[in-house]
Chemist: 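There's a structure below that I have some questions on.
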Amino acid sequence: MHQDWPKWLKLMAKKLGAKQIASAQSLHPLLPTETDLSEALLAIYRLQTTYKLKAKDMVAGILKGKYYSHDKWGVIECSMLGLFYFYKERYTYAIDWLKLALKLYKHSNAKLIKIMDWTFVAILEILVEATRISGRYKAAYIYANRTLARKPNDDYMKRQVEQLKELSQLPLVPNVERNSNKLYKKFCNRPYPPIVKGVSCHYLRSTPFLKLAPIKMEVLSQDPSITYYHGLLSDVEASTLKNLSRPLLHRAEFFDFKTNLYAMDYYGQRTCKTARLDDHVHEVTEALNQRVSHVTGLLLTDSEKLQIINYGMSGHIHEHIDASKRSSEGEWETGDRTATALAYLTDVEQGGETVFPLLNITVVPRKGSVMVFYNLQLNSQADERTLHVSCPIIFGDKWIATKWIRDKAQMFIRPCPIHFKPLPKSDLLPEMEVTNDLDFIREEDYAGSLMK
Ligand SMILES: O=C(O)CCC(=O)C(=O)O
Ligand SMILES: [Fe+2]
């Protein structure tokens with residue numbers, strides 16, 4: 001030992017785990033960022049509040065009645081969501097998540113939870129606040145007592161228990177919670193509307209090309225015109241469009257009029273990725289243009305570049321119209337967006353429908369089908385009845401390709417009759433700010449040379 005001691009000392013002074021720590025640190029840049037975390041929480045929030053999902057189902061991997069196997073969520077996920085909902089002032093959801101966290105506590109890895117600072121009593125404390133603020137005084141009194149039993153010297157909790165003892169004698173009247181006025185939350189979760197009167201299905205054979213290759217069409221609405229054309233793209237063509245766009249995809253942006261800059265859409269109005277494809281980048285983009293022109297009879301001169309959108313889980317677009325009001329001020333020289341041709345490049349396992357709330361129409365994405373709707377009245381004014389949303393994806397992903405067809409080129413194809421009666425100015429949605437998608441588009445995305 002006399003001789004060994006210095007060696008023991010040297011060994012004891014050695015920093016254990018230094019190599020492992022350095023290697024773990026090198027992975028740090030690849031780890032999710034704060035933005036990733038808050039966006040993931042918002043995505044869960046959007047799904048849960050839109051589809052009224054129960055916390056206990058989500059933990060078990062059940063989304064809207066369907067079981068999807070996944071790593072089960074535990075105390076940390078439930079507490080995190082509880083706290084998130086608490087800050088969002090959605091107390092009913094917060095209480096559900098926090099109660100679930102307590103329930104899962106005894107089945108979980110106690111050491112890990114302690115390292116993450118989610119002690120049982122910390123969860124109880126938030127539950128006291130959530131139940132009290134939301135007017136559930138009896139429950140708050142019970143949780144406050146349970147907290148005090150674990151922290152007998154906590155003066156704040158002692159005062160809470162005293163106050164809540166009295167308040168809990170009052171009848172239960174939970175406070176009214178803040179609710180979202182987003183239309184998609186109301187319309188994405190309803191059962192599919194019954195087939196509306198006037199809807200018809202037939203083969204379209206209106207041009208020599210279509211006589212040889214008739215297209216199956218479903219008229220979803222006569223006025224405003226919304227038609228679903230089936231089998232317009234093959235599976236291979238749909239995959240080609242996806243592959244062409246992959247290297248160009250970027251987070252949806254919007255034009256911030258306050259700063260006059262394009263900014264990331266952290267406001268969560270469009271949670272998806274987008275890219276633009278040139279008309280002549282591939283024979284498939286050319287073929288799609290040609291087929292859209294055949295079925296609509298419209299001229300695609302000066303139409304916008306094809307926009308590809310990819311939505312992941314919970315990805316959505318909130319309510320908007322595609323037309324711009326700016327065209328009437330003469331700003332868009334190629335005219336406004338007469339029509340939208342929206343090609344679905346994938347089926348979606350659950351969610352992701354295109355819904356027209358004011359028309360009671362729900363369109364289920366069908367790979368290879370193209371939905372065409374007219375955004376403008378014959379006098380080129382926006383038709384606000386075409387307000388639409390893309391519902392949050394519950395499971396799977398969704399890809400679409402959108403062609404916006406501009407108005408000036410349709411001058412002789414879609415003329416305005418002399419005695420045309422425009423729709424009365426809409427007061428359908430007085431409380432809602434109707435946004436339009438032109439705000440989200442970069443100028444260089446326009447094909448029209450007149451724009452420059
Ligand atoms: O994805 C959808 O169903 C709708 C997309 C849309 O409305 C748009 O890009 O303007
Ligand atoms: Fe749209």
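In listed order, ligands and their atoms are each counted from 1.
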Chemist: Kindly give the atom name of the N, O or S atom of H388 closest to the Fe ion (ligand 2).
Modeler: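 The nearest such atom is NE2.
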Chemist: Give the ring-plane orientation class for Y45 versus Y85, where under 30° counts as parallel, over 60° as perpendicular and anything between as tilted.
Modeler: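 Plane angle between 30° and 60°, so tilted.
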Chemist: If you count the atoms of ligand 1 from 1 in the order shown, which ones are under 4.0 Å from a heavy atom of L342?
Modeler: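 Close to L342: 2 (C), 4 (C), 5 (C).
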Chemist: Looking only at distances, please establish whether an N/O atom of ligand 1 is found under 3.5 Å from an N/O atom of T402.
Modeler: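 No, no N or O pair falls under 3.5 Å.
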Chemist: Among side-chain atoms of D279 and T285, is any donor-acceptor pair under 3.5 angstrom?
Modeler: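 Side-chain D/A pair, D279 to T285: absent.
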Chemist: Considering only heavy atoms of Y311, which atoms of ligand 1 have at least one such atom less than 4.0 Å away?
Modeler: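 What qualifies from ligand 1 is 1 (O), 2 (C), 4 (C), 5 (C).
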Chemist: List ligand 1 atoms under 4.0 Å from I309, heavy atoms only on the residue side.
Modeler: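 The list of qualifying atoms is 9 (O).
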Chemist: What pair of heavy atoms forms the shortest contact from F86 to A94, and how long is it?
Modeler: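 For F86 and A94, the tightest heavy-atom pair comes out as N-CB, 3.6 Å.
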Chemist: So, T240 versus N243: side-chain donor-acceptor pair below 3.5 Å or not?
Modeler: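 Looking only at side-chain atoms, N243 and T240 do not form any donor-acceptor pair under 3.5 Å.
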Chemist: Hey, what's the angle at the Fe ion (ligand 2) spanning NE2 (H320) and OD1 (D322), nearest 10 degrees?
Modeler: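 An angle of 90° at the metal.
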Chemist: Any heavy atom of W404 closer to ligand 1 than 4.0 angstrom?
Modeler: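 Within the 4.0 Å threshold, so yes.
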Chemist: Please determine if Y344 has a nitrogen or oxygen closer than 3.5 Å to a nitrogen or oxygen of ligand 1.
Modeler: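 No, there is no polar N/O contact under 3.5 Å.
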Chemist: Using only heavy-atom distances, determine whether the side chains of R414 and S380 contain a donor-acceptor pair under 3.5 Å.
Modeler: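 Absent: no donor and acceptor within the cut-off.
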Chemist: E353: heavy atom below 4.0 Å from ligand 1, yes or no?
Modeler: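 Judged by the 4.0 Å heavy-atom criterion, E353 does not count as contacting ligand 1.
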Chemist: Under 3.5 Å, is there a donor-acceptor pair between the side chain of S293 and the main chain of L299?
Modeler: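 Such a contact is absent between S293 side chain and L299 backbone.
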Chemist: Scan side-chain atoms only and decide if K242 and T346 contain a donor-acceptor pair under the 3.5 Å cut-off.
Modeler: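 Short answer, no.
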Chemist: Heavy-atom contacts with D322 under 4.0 Å: which atoms of ligand 1 show up? List them by number with element.
Modeler: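 Every atom of ligand 1 under 4.0 Å from some heavy atom of D322: 10 (O).
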